[in-house]
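For reference, the structure discussed in these notes is given below.
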Amino acid sequence: MVLKAFFPTCCVSADSGLLVGRWVPEQSSAVVLAVVHFPFIPVQVKELLAQVQQVSRVGVTVLGTWCHHRQEPQESLGHFLEGLGAIFSHEPWLQLCRERDSKSWTCKATRRQTPTAAGEDQVLLIFYDQRKVLLSQLHPPAALPDRQAGDATPSARGLAVVFDTVARSETLFRSDRFDEGPVRLSHWQSEGVEASILVELLTRASGPVCLLLSWLLSLLSAVGSCWSRLRRHRGEQVCFWNRLKAVDPSSSHVPPKVGTGLSGSRSERSVPQLPRRPVEKPVRHVAEELQHLLQWLMGAPAGLKMNRALDQVLGRFFLYHIHLWISYVHLTSPFIERILWHVGFSACLGLTVAMSVLSDIIALLTFHIYCFYVYGARCAVLRAGGPPGGLYCLKICGLSSLWRLFRGKKWNVLRQRVDSCSYDLDQLFIGTLLFTILVFLLPTTALYYLVFTLLRLLVVAVQGLIHLLVDVINSLPLYSLGLRLCRPYRLAGSLPRRPADPPLSFQMQPLPYSRVVRVYRLPSCGCHPQHSWGSLCRKLFSGELIYPWRQRADKQD
Amino acid sequence: MEDEQSFSDICGGRLALQRRYYSPSCREFCLSCPRLSLRSLTAVTCSVWLAAYGLFTLCENSMVLSAAIFITLVGLLGYLHFVKIDQETLLIIDSLGIQMTSSYASGKESTTFIEMSKVKDIVINEAIYMQKVIYYLCILLKDPVEPQGVSQVVPVFQVSTEPLPFPQCNPPPVLSAFPPRLFFSRGGNLCGQSM
Amino acid sequence: MCAQPVTNTKEVRWQKVLYERQPFPDNYVDRRFLEELRKNIYARKYQYWAVVFESSVVVQQLCSVCVFVVIWWYMDEGLLAPHWLFGTGLASSLIGYVLFDLIDGGEGRKKSGRTRWADLKSALVFITFTYGFSPVLKTLTESVSTDTIYAMSVFMLLGHLIFFDYGANAAIVSSTLSLNMAIFASVCLASRLPRSLHAFIMVTFAIQIFALWPMLQKKLKARTPRSYVGVTLLFAFSALGGLLSISVVGAILFALLLISISCLCPFYLIRLQLFKENIHGPWDEAEIKEDLSRFLS
Amino acid sequence: MACRGRGGPGQPPSAALSPVSPGSLSASRTSAHNICMVSDFFYPNMGGVESHIYQLSQCLIERGHKVIVVTHAYGTRKGIRYLTNGLKVYYLPLKVMYNQSTATTLFHSLPLLRYIFVRERVTIIHSHSSFSAMAHDALFHAKTMGLQTVFTDHSLFGFADVSSVLTNKLLTVSLCDTNHIICVSFTSKENTVLRAALNPEIVSVIPNAVDPTDFTPDPFRRHDSIITVIVVSRLVYRKGTDLLSGIIPELCQKYPDLHFIIGGEGPKRIILEEVRERYQLHDRVRLLGALEHKDVRNVLVQGHIFLNTSLTEAFCMAIVEAASCGLQVVSTRVGGIPEVLPESLIILCEPSVKSLCEGLEKAIFQLRSGMLPAPEDIHNIVKTFYTWRNVAERTEKVYDRVAEEAVLPMDQRLDRLISHCGPVTGYIFALLAVFNFLFLVLLRWIIPDSIIDVAVDATGPRGTWTHQHPHSEDKVEDSGKCKTR
């Protein structure tokens, strides 16, 4: 097996000395962590290593020698380095040499104890950036649980071992060359801890800052919405009083109070004109639009030939309903206003709360559309004076069973299939009569159903969009994305190498954004729509009620 | 050490294979297909523009022309950036891993690295691809949970539509790095039929 | 069959068995090849006049449709008073009802176990529902164009003729569907009449001619074939007469149609029998001739 | 066939991967064929056709031929798989229309089939089952490409109704220029000859076979205090389930110690359940539901009498399997059933409840009086009748004969279509054949045959399966993995 030596790039220009690092026998790879410079006392080096080993629980040892020829090759140094191998016994003993022109590297690994003296392995030298490796995490994070458990023997495999080793032996990097320690080391922090502390602080801080920023952002939006709400309300009030004042002199018999709207709503045709409140206005607008729509439907919509009598009956019924709705909204609007105003403060709890509240308000204010949809779809017993006829769902059911009768078949409930059946003459006659009538009335009801279903779908789509947004906000890993943006190397995806020159260098490739989102996605609580598109369309066609955002169990009751 | 050979892909186009040996334990295979030829580019652009001009003379709306130009540009950019692969490189480092790099015509590079410890096997598999049946080289990855199983199959050298240069029944030289082995996918259990 | 060297090939006779290895090649064709082939074993012999007699059912049904359309036309034009039609219909229904029981001396009634009370109830249901729905029928197709209604009626009446149970044993026959199509057509046509009373009477008449009349016919045909032929002729001539009063060309065409169905078609059927070649053999799917439903009842 | 002019850069290092040119192949060994079995019906679908294809292929591989199977994808089983002994199966992604048969347009399968035929260097196309649209498509394409064709018909068809008139016409078209046809029984041969208006000389009769080692008797598994009747078939009308529903109450009332075990599933199961309920026979009539093929033997050995109520049958494998297990067989006298077993082993009845009841009573009487031979004896007689090796041997002769024959060139093929299939159909299909040819020319222009790389033979004279993979086969089988992309 080829021996792999991972060498930190920061030690490339270090003086000659000893290589300190970890030996991973199962992969036959040597992870060099630092270089101990001359002069040193072997005992002290051993002590230091023992300390490090105790703290980090990584088997840090002396791996071999490092020789940097700045001047002419010194024969004596070579021999000296050879001799060191006897003091620090390690198997295999690594000998790394860099020539002056920095182009040529020589790398040898010798095994002493092998009886055949030619125990030289092939060595593959790989450079790595110590700082980046220290700070980053390899994905997929396989070694993570091990480290948390504080297991002394890392079961990480492959490259994760390198990461693990570097990350664990942080204590080794505490000292720099300005320290007055007994042993001088060369590693990524050896140029001075002070400077790097700032960097480190910044990096450490970037995480919380990201968190804080995201929180601030949501707070800001919430406060903003609250503020705009407050301000608009105050402005409206001022306007209202101004208008009242303006009205007062001309028509003194109108009492200056809010309740005037009530008297206005009693009049038959005219929609109450008085105070227009922020909620009432759009609601009223929607209601008016609905009225126009109904009037259009009561004529000959899009040139369709509808049954006049049924058309009129249905149209009048829905118009009456809209009228009821308008008066209801008008009556309750002051309370709703107040409630909404207070509810607006819930936005302080975050953007998602505000959006959820918004979704609920939309649902509340489009209740009439929902009602129409239900009436159109099936004869719900919501009101005493329910709509005439079972409308669409009943009609479809009736038509399908009568069509079976028409063909002389019937639905067998026990066997769940269509059987042929011989009917009596009078059954046939009445069935066919009803079938004919239903067929000719179908277009009228279908059109009403279609229009109201489209309206309902619009509302559902808006609500769904809001839910989706809330879901995305809830589950988006803001911290990880921020980290990826600011410090791409912290999340290392794969580790490509560039074979520029024989010594391979080891580069970190940041995780792509899509994978960041996928890996760090928070578990979202949002319920996904139960229906597929096909089943949704089928349900729409057969006139079943659809509740895209509700659990199936709720629908039973 | 470097040598170069030329092959034809499954559609009959030319492919060049370069082999580089950095060291006995580190080899690189580089498969490059010819760059986008000016002639085909011109032909496509001209045909799109001619069609647009024909449409323009019919409906006399100059939007058509601008839309055609826009579509051509966006399509070309998209083609160069996402579709057209100029070169695919496979770097194999013994006992460390396999790195696959594909460089697109626009200069975009996408790199994947697979650790050797995750590689279960390298096989040539056979598959139905569009209206063809092709051989392709792929890397089987080990399942971390179940050591016998295969968690993923990574195809190598998928120069867009030319999955593997398997010309003239010659085993691709890439395979000399590994013991070439044809992968006979088994039928598995067939409804309990004893076979 | 396999490469066994056989010395006395001539003495070995070929057998139609698979379990023995025979000294013949696999593609050997014996003299006995196809000896079990039979042709036209189930072919029937037809008598000309019998076929003509059977074709009268078709003629009857064509005439029914014709009479219905003619009556509707008269009503639409205002040439026929609804009261008169109702009276006639009622009278003929009563006569038919009495006849229905008289022909077989009440045997059929005993067999089916249907009481007169049930008959009365059915009649009441017909009348009440039709009368109750007639205003709805009147306004039902207001917004639909007349051409659409005509097209639908023609389509439905054709369907009625196609699916009617003429006594053939085929998958396409469905008397229920045929009757329903006729009622549908009559409702469509009735909704075009000027008043709701017209509509009511038209639908009643449709029930009489499409539902009750064929029942009587069937019994007549089974019991007294001669009177049936007479009734058919009478009915055909009355239908022709009615059509003649509306359109001469139509009447001539209709007469040609009736003649071709009752005389020419039987002739062709018998001529074409000569060319019949139906192959049977051991490969045919066996038919289950017994009635197996007795095990389940 | 495609010819490769130039060799690759550098000579092929291994024989397994060397280009196989058809010329050199035929020179080296005339008797070895490259056979492609095409049918919509193959494992994991179960049935007579499926096991026929599989067993025949195995025996042909054993005899040194190269065999591949082409069928359509079943669920997630798509792509290319290898079965035992390197039988290569292509599961093509074609749409299934009805009853596991693919939809046919006569054209859409040409590109893939042609690619497979070229890369596998197929010389003989062997299609199976007249219900399989893919089989007919493959015949059509193979003739366009100039390959030899063989067709095996597994079913019988009547002549009486409209649907059979139409299907027979299509069969006439499909078989009119097929080189050789194989039928599974003499009745089937007569039927096919009549249906497709063929020359009987080009129709061979090669029966199906049963692996006798799979169906061995086990007399200890059955209770001798009672009499058990076994029925194993799909519960559909054509298998006479309606007759069965009449036989069960009739005989159960007569013989209190008679039990029925019914294996199989189908739409008619409900009437059996109704009968069982109506006559309170829950303890005596057991409905096992769908059976896997390996369980059939375990069911068979539990009984004394095997009852087959089919209304039509080309070659009834079920009665051979039952007889091989040592059961007395009672069957209807329809189709090719009388040819299958000798009189001593089978009681033949007319397809009616009365006749079948008489047959069963006769069998019960024989059983009680001890006149029946021992199961072992029956097994020993039956196992000599039908073996797959014999089938393969005889099929090989057909291949040898076909390989000598010339495939009709395009003009003669058109002539034959027009003269043989009637004026209207003939011209229509001649036109379609011309279109097919033009489509083939187009495909050859887009992807020339020389570009299509040759597949590595797993079986056949240069098969790599046996030489290279005795170990890996075991290993892979143990892990039970199956994957394709």
Side-chain angles (χ1 to χ4, degrees), chain B residues 4-13 17 120-121 123-136 138 140 143 146-155 158 163-173 175-176 180-195, chain D residues 4 6-10 12-14 16-20 43-44 46 51 54 58 77-84 86 88-93 111-112 115-116 119 214 292-295 447-448 450-456 458 464-465 468-469 472-473 476-477 479-485:
Chain B
E4 186 161 346
Q5 283 180 328
S6 80
F7 292 96
S8 65
D9 64 14
I10 56 164
C11 292
L17 179 83
K120 184 178 173 67
D121 209 343
V123 293
I124 298 174
N125 204 357
E126 218 173 351
I128 297 171
Y129 174 82
M130 309 295 277
Q131 296 289 332
K132 297 186 185 108
V133 185
I134 54 165
Y135 281 113
Y136 65 95
C138 63
L140 306 183
D143 199 341
E146 187 201 355
Q148 281 290 322
V150 171
S151 66
Q152 214 184 337
V153 179
V154 183
Q158 42 181 347
L164 184 76
F166 206 62
Q168 314 308 327
C169 293
N170 226 4
L175 295 181
S176 52
R181 189 162 88 82
L182 257 180
F183 183 58
F184 292 108
S185 51
R186 296 281 307 186
N189 54 337
L190 280 170
C191 294
Q193 172 76 8
S194 51
M195 46 175 71
Chain D
R4 266 157 199 273
R6 51 195 181 127
S14 72
L17 296 163
S18 68
V20 183
Y43 296 129
M46 297 304 297
S51 66
Y54 176 75
Q58 289 297 343
R77 182 176 284 262
K78 48 189 143 188
I80 295 152
R81 307 288 180 110
Y82 288 86
L83 303 186
T84 315
K88 188 179 192 179
V89 188
Y90 286 87
Y91 290 95
L92 304 187
L112 256 180
Y115 210 95
I116 293 170
R119 77 195 294 271
D214 278 351
E292 286 188 6
H293 194 251
K294 65 177 165 54
D295 299 333
I447 311 168
S450 57
I451 283 185
I452 299 174
D453 48 40
V454 182
V456 177
T464 50
W465 180 273
Q468 270 191 352
H469 295 279
S472 69
E473 185 187 337
V476 175
E477 203 157 30
S479 62
K481 65 179 177 182
C482 56
K483 56 205 149 327
T484 39
R485 289 257 310 202

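The chains referred to below are lettered A, B, ... by the order of the sequence lines, with proteins before strands, and numbering in each begins at 1.
The shortest distance between side-chain heavy atoms of Met130(B) and Tyr115(D) does not fall below 4.5 Å.
Nearest heavy atoms, Ala127(B) versus Ile80(D): N-CD1, 3.9 Å. Heavy atoms only, all atoms of each residue included: Lys132(B) and Ile447(D) are closest at CE-CD1, 3.5 Å.
Checking side-chain atoms of Tyr135(B) against main-chain N and O of Val456(D) turns up a donor-acceptor pair under 3.5 Å.
In this structure, chain B has a heavy atom under 4.5 Å from the side chain of Ile116(D), while its backbone stays farther away.
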